[in-house]
Protein chains: 6
Amino acid sequence: MNAKQTIEQFRIKRLPNYVVQDDEDVVFRVAFESKIPLILKGPTGCGKTRFVEFMAHRLGLPLVTVSCHEDLTAADLVGRFLFKEDETVWQDGPLTLAVRHGGICYLDEIVEARKDTTVIIHSLTDDRRILFIDKTGEVVRAHRNFMMVLSYNPGYQSIVKDLKQSTKQRFASINFTHPPVDIEAKIIQTESGLGQDDSRTLAEMGSKIRQLKGFGLDEGVSSRLLVYVGRLVKGGLSPMQATRHAISQTLTDEAEVLDSIQNIARLYFGDLMDDASGEAEAKPS
Amino acid sequence: MNAKQTIEQFRIKRLPNYVVQDDEDVVFRVAFESKIPLILKGPTGCGKTRFVEFMAHRLGLPLVTVSCHEDLTAADLVGRFLFKEDETVWQDGPLTLAVRHGGICYLDEIVEARKDTTVIIHSLTDDRRILFIDKTGEVVRAHRNFMMVLSYNPGYQSIVKDLKQSTKQRFASINFTHPPVDIEAKIIQTESGLGQDDSRTLAEMGSKIRQLKGFGLDEGVSSRLLVYVGRLVKGGLSPMQATRHAISQTLTDEAEVLDSIQNIARLYFGDLMDDASGEAEAKPS
Amino acid sequence: MNAKQTIEQFRIKRLPNYVVQDDEDVVFRVAFESKIPLILKGPTGCGKTRFVEFMAHRLGLPLVTVSCHEDLTAADLVGRFLFKEDETVWQDGPLTLAVRHGGICYLDEIVEARKDTTVIIHSLTDDRRILFIDKTGEVVRAHRNFMMVLSYNPGYQSIVKDLKQSTKQRFASINFTHPPVDIEAKIIQTESGLGQDDSRTLAEMGSKIRQLKGFGLDEGVSSRLLVYVGRLVKGGLSPMQATRHAISQTLTDEAEVLDSIQNIARLYFGDLMDDASGEAEAKPS
Amino acid sequence: MNAKQTIEQFRIKRLPNYVVQDDEDVVFRVAFESKIPLILKGPTGCGKTRFVEFMAHRLGLPLVTVSCHEDLTAADLVGRFLFKEDETVWQDGPLTLAVRHGGICYLDEIVEARKDTTVIIHSLTDDRRILFIDKTGEVVRAHRNFMMVLSYNPGYQSIVKDLKQSTKQRFASINFTHPPVDIEAKIIQTESGLGQDDSRTLAEMGSKIRQLKGFGLDEGVSSRLLVYVGRLVKGGLSPMQATRHAISQTLTDEAEVLDSIQNIARLYFGDLMDDASGEAEAKPS
Amino acid sequence: MNAKQTIEQFRIKRLPNYVVQDDEDVVFRVAFESKIPLILKGPTGCGKTRFVEFMAHRLGLPLVTVSCHEDLTAADLVGRFLFKEDETVWQDGPLTLAVRHGGICYLDEIVEARKDTTVIIHSLTDDRRILFIDKTGEVVRAHRNFMMVLSYNPGYQSIVKDLKQSTKQRFASINFTHPPVDIEAKIIQTESGLGQDDSRTLAEMGSKIRQLKGFGLDEGVSSRLLVYVGRLVKGGLSPMQATRHAISQTLTDEAEVLDSIQNIARLYFGDLMDDASGEAEAKPS
Amino acid sequence: MNAKQTIEQFRIKRLPNYVVQDDEDVVFRVAFESKIPLILKGPTGCGKTRFVEFMAHRLGLPLVTVSCHEDLTAADLVGRFLFKEDETVWQDGPLTLAVRHGGICYLDEIVEARKDTTVIIHSLTDDRRILFIDKTGEVVRAHRNFMMVLSYNPGYQSIVKDLKQSTKQRFASINFTHPPVDIEAKIIQTESGLGQDDSRTLAEMGSKIRQLKGFGLDEGVSSRLLVYVGRLVKGGLSPMQATRHAISQTLTDEAEVLDSIQNIARLYFGDLMDDASGEAEAKPS
């Protein structure tokens, strides 16, 4: 597979299901046109990844996503030599692919990365817009459609893991929060196939559960888990059962917190149940 | 051996001996059909691994199991290049095998893994369901039968080793506990060949020993060790002897705790013994 | 690509937009002529990198920049062997390129580098001016146009990360601060295309925001972020909107500090807004 | 050398000199027949290694011993690729040898091993009895004669180094202590060639020295060191001299403890000496 | 390039500019003739490196210098295999070069090295005078002109970084301090081309600045920085300007200490200035 | 060079200059004949290495010495594969050389070694006397002339670095101290060529300096440094000068301790000096 074929794999085929909440689409577009790199900030599962897919599709750009972690090396981003037929062949990494052929390079959860990963993007995020590949001696000038986007969860931000000032001061930023109830209801409906009313009830329940944050929950429930509840109900489980497996047992190992979540679920779906215990569950064959 | 042959090695040949306790089989099936990845939570030896083998057989899926540890690298999961006849040949790792050809990839004790291992599954556990192999530049779209399952022991959960929120919030969960006495008796009988009554006595003894948890035992005795007692008795050892070797000396190095376990054994098997000391043991030739 | 071609890639094509503030250009030129290596000291985004590009262009020298980080090895600077057609071929690293062919080797944020990186420059920064490449056994005598320049942010200086005395005492130094308002206004105007008045207002706002340093901000805002504001405004965003995304949300995650910055923006750009809330923002299509 | 030849090297040629003390031989045989893996627990030099050699000989099994340490990798156990004649050839490691061809794999001092070493044996120590070699994609089903045995010194057991519960609960266990005087006397006689009476005196002295444990000695003296004393006496040294070199100077660097041991030696061998100082020593030419 | 050619590169072409201060040249010569390895002790920039170059030239020996750091491996010193034309070729490292062909091996700042580096010189610094290259199986007996010299800055000496006793006790030592004013004046004059009087004034200023050690300065100013001042003045800068860039801004980031140094400079060069502020500086075109 | 040639390089050509002090030569010989491995214990420079060379010569055995350090790997001892002419060739390491061809393997300062180094010798230091080379699958049975000897400095012994009990209890031991004055005088005379009287005076001075241990000196002066003093005097330095460079400046960086040593030197060599200051020193041309 050649490099051109490789980058083509990263095109977003269908418009992702994303509902614009504020001015984030405008800011992204202007930043892209003004060659300003971006940081997307917000909690887990609030839609940052979906948003960048949405914008990539709208701007017609390939989207190369890299989930950062503490063992990610610069070589993982830039590329490396492979041996083929008695010779070494250079293989562009995901970052170099986007730099060379144009596209968004999206480094997800950048604060998890090692320092060499964050530093390698410096020359790409000021007016130089170049990438020096020391292993080949090549200086790659960024394609005019190249754009660097990082994501970042301020809830995790610690002194140890925070971005360096010299990195931060190369980016504009867009802040994200969990979507409001009506938008989240729409998301649940579209992604789980659940009816409109049930989707709204689920969204309201999610909003209520998020108020437990700080009282036993480190983070609120993500839209994704609410969609899971919807799908499990669609698959035949009772709402209580689905909430228990997709939310309560996922988010906590403490009995009290688990009960608090289940009690919230009972508030919203109690009228769907027949028995007194509130825990009778459909058992599909 | 080609990749197809490789994955075929992972089919479960015979239905494993597993007794359903609650709604876990239904939740697993619906999750599989709804493309929701799962976390199985519970203490050591409570049957999580057996359950996933059971479901893999029932759903007709290959099961690729990886025991996680702190030195497991992303390459161990995804694959690596090998040199063959003067050329490099790509070798799919266990994760890629399941992603490409369909099947359950079961990461046992996920919290033991390094961060790069847990992060690599992110793109496979949201709606993208893709795996980017940076070393080859290939984007593998997951087979429709691919399913990701993790296991997780909350008793070990520490701040250092807990899963990241951004990982957690991609999974639904099923909680497990040790099986009730009657089910465990059936397991012991089937796996050790011991008679029905002795198996039940063993199961009851196991249940009693589990009450020592927190009083000298970090975890209760697993079903597996109870099966070992059964097999050793079957092989000619006395129940006291078998319990001492398969349970007491395995679970503790402290004399008091060892005595406590042996005393429980004496409660259940004291009538099988002839002498007063309670420690006379059959000595098969 | 041969080594000569490689070094040519590092020539600065156009005179960078840099305004001399003090005697820094004279000191740099005399140091270059007297074969004295230099350290450029100052906060993030105050123009050190731009200045070295400016001098490289003026002196007609290639400029090889390396962003230092804790995983940068000596081999990354000096070079390594590659396999090509059944043989190993030596590949000069960025430092060796500059040493051999003449040019400025600029190690950005040197205190981030590992000790082997800083030590390798010792023989190049005293009267020996040689580089011993142990892997090839070659002693490279520095080209007469070779010059070593380091950058260094004293704000980050810690006991752990400070330069060794034996490294420090090989360099002369130039201290940098943020540019004064009139110079910064000129920079903003040139780089964002904004009008003269708006550029000056932005520069004044930047100067005001820098007074927040120590009151919630670790470092003042860089000229680069002010240029970003200019470009976003040029692209259709309101000044408040642009400031929020390019400065406030980038520099802080705390609501109070974010408000403080936005309040400063309102002081300078309040008369541009129509409504009372002070947050109405243009929404370009 | 092919794999078959390799495993044959591990057969125990002669029956090792081991005296059964309790039911350990029966437990080992039944465990082998019931496919139950074993942990041998006990202090340094109490005969665990000798016992496993003894059983290997009796059961006619090859014995592959690996001394564990913190740098032992999974590859050291499983195997690795070697380059031969322009191709990579797979080389089974010691564990794989035993798994594939049958035999005991004995991991000595397992708690010293890294976690990846202990985890790799999980699939071999439950009812799966398989080893997945990720580098070749091969699933090796264990030979019916494969048996896993670990050794473990509870005296070293610390929270950091203890076995994981999920490892422990896969094994039955046999506890060992130092042999009683009459058995140890026999061991010394056989292995050093010393007379029966002197051997018994040495064994008694050893038993006395073991009472110093906790009073300056971390562990009691091993049978091996007592055998050394016997051999040195046989070679012409006086018993006091031999005890000093083989026991006192080996076990302690503190003068008081050294004197305590020498005083015990004097109690047992004082009548062999001619002079008052109690330290006159034969000086063989 | 063959090994012989390689070592020839390390000859000192011209007699370095070094002024003997005490008996150091005699001690060095006798140590060389008596095959006694040497440690040169003293602060940064006091002339240790220059002295060893001076002696190398006088004794007609090649000088192989290695700047030690914590990532320097034994292989960096001894050598390694390289692949060339389908075969591995051994490449002597800098230490082996000197051992084999004769010459001084000078390990600069030895306490910065890893332990394997310091241990590898043991067999070369007792009467064995051999180097065992384990990778080739070769025992290299040291050339009669081989001499080992280390440098060492006692000011940095810490418990963690101190030399092991077993290393120390293989060396004789020579202590160094900063040169007296008249010698340092001569050094400045020769190396900067400044006049005799100005050079002496600079030397006196340097001596004064060294009294600030402990009052804000970790180490006194080195002769090298004084030479830099001389060269910058020669290049057209004012003495105040030159001192600021070559000494004050190099040695400190604290305004008070910087002022103290500048005040000392004013004491010595105040009569050269025309205006009251004492900071008017020549601005050469 | 083949393996046989390699081991021959390790023969001690001439009888080393060693004076037996106690029964150490007898113990060593009997231990060798009884196949008992040995630990030599004692302070730096007390003659352990010289003694083992002496015994190797006397017993006619090659002596392979390895200086241990924390980066020494098992592969450094056992051997590794090298590529030669398109094939991998196994290269025995120093330990394997001695095991295979017979000879003493002397691991100097064993407590500095990594754990995998100490564990690899276990199977060689009990009655198995085998070495398993996992990389080749070969089991090497030790040559009848193979002997393992370790050295060990109890002064350095710490909890972190102490030998494991399971290693210790495989060895007999010989304790060493600094030689008495008459023996040390003989050593100095032989090795430096100094006259008998001066050598004795030096030995007495050394004995006096050793009393400073604990009063500023971590370890007493080694015989080697006293020999150095002798050689420097022989080369034309005054005794005070020679003591200062070979002992005082080597052993301490503190002025008081340095003066204490010089004062002791003055006590012994004061009558050799002409002037009052006691520091006039011969200055050979």
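What you see below is based on every heavy atom in this structure, not just the backbone, and it leaves out hydrogens, waters and symmetry mates. Note that this is a predicted model, so its numbers are computed, not measured. Lettering follows sequence order; numbering is per chain, from 1.
Neither the backbone nor the side chain of C/S151 comes within contact range of chain A; no heavy atom of the residue lies under 4.5 Å from a heavy atom of that chain. Within the 4.5 angstrom heavy-atom criterion, atoms from both the backbone and the side chain of C/R231 approach chain A. Residue A/T167 does not touch chain C at all, counting heavy-atom pairs closer than 4.5 Å.
Judged purely by atom type and a 3.5 angstrom limit, C/Y228 has no side-chain atom pairing as donor or acceptor with the backbone of A/S34. Between the side chain of A/K168 and the backbone N or O of C/T250, no donor-acceptor pair lies under 3.5 Å. Under the 3.5 Å distance criterion, the side-chain polar atoms of C/H245 are matched with a main-chain donor or acceptor of A/S173. C/Q9 places no side-chain N or O within 3.5 Å of a backbone atom of A/V140 that could act as its donor or acceptor partner.
Among all heavy-atom pairs drawn from A/A172 and C/A246, the shortest one is CB-CA, 3.9 Å. Residues A/K41 and C/T252 come closest through the heavy atom pair NZ-O, 3.6 Å. For the residue pair A/F171 and C/L225, the shortest heavy atom distance occurs at O-CD2, 3.6 Å.
For the atom pair A/Q169 CD and C/L251 CG, the distance stands at 5.0 Å (nearest 0.5 Å). From A/L38, atom CG reaches atom CD of C/Q249 across 10.5 Å, with rounding to the nearest 0.5 Å.
Residue with the most contacts toward chain A among C/A242, C/C68, C/S222: C/S222 (heavy-atom pairs, distance under 4.5 Å). Across A/I39, A/V27, A/I120, the residue that shares the most heavy-atom pairs under 4.5 angstrom with chain C is A/V27.
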Evaluate the criterion side chain to side chain contact (heavy atoms under 4.5 Å, CB included) for residue pair C/D253 and A/Y152; output intermediate values, then yes/no.
-> CA-CA 11 Å; C/D253 297 318; A/Y152 180 79; 3.7 Å; yes

List the steps and the verdict of side chain to side chain contact (heavy atoms under 4.5 Å, CB included) for C/T65 and A/R128.
-> CA-CA 11 Å; C/T65 300; A/R128 290 176 286 169; 3.5 Å; yes

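Sparse packing is recorded around NZ of A/K208, with 12 or fewer heavy atoms of other residues, nucleotides or ligands lying under 6.0 Å away.
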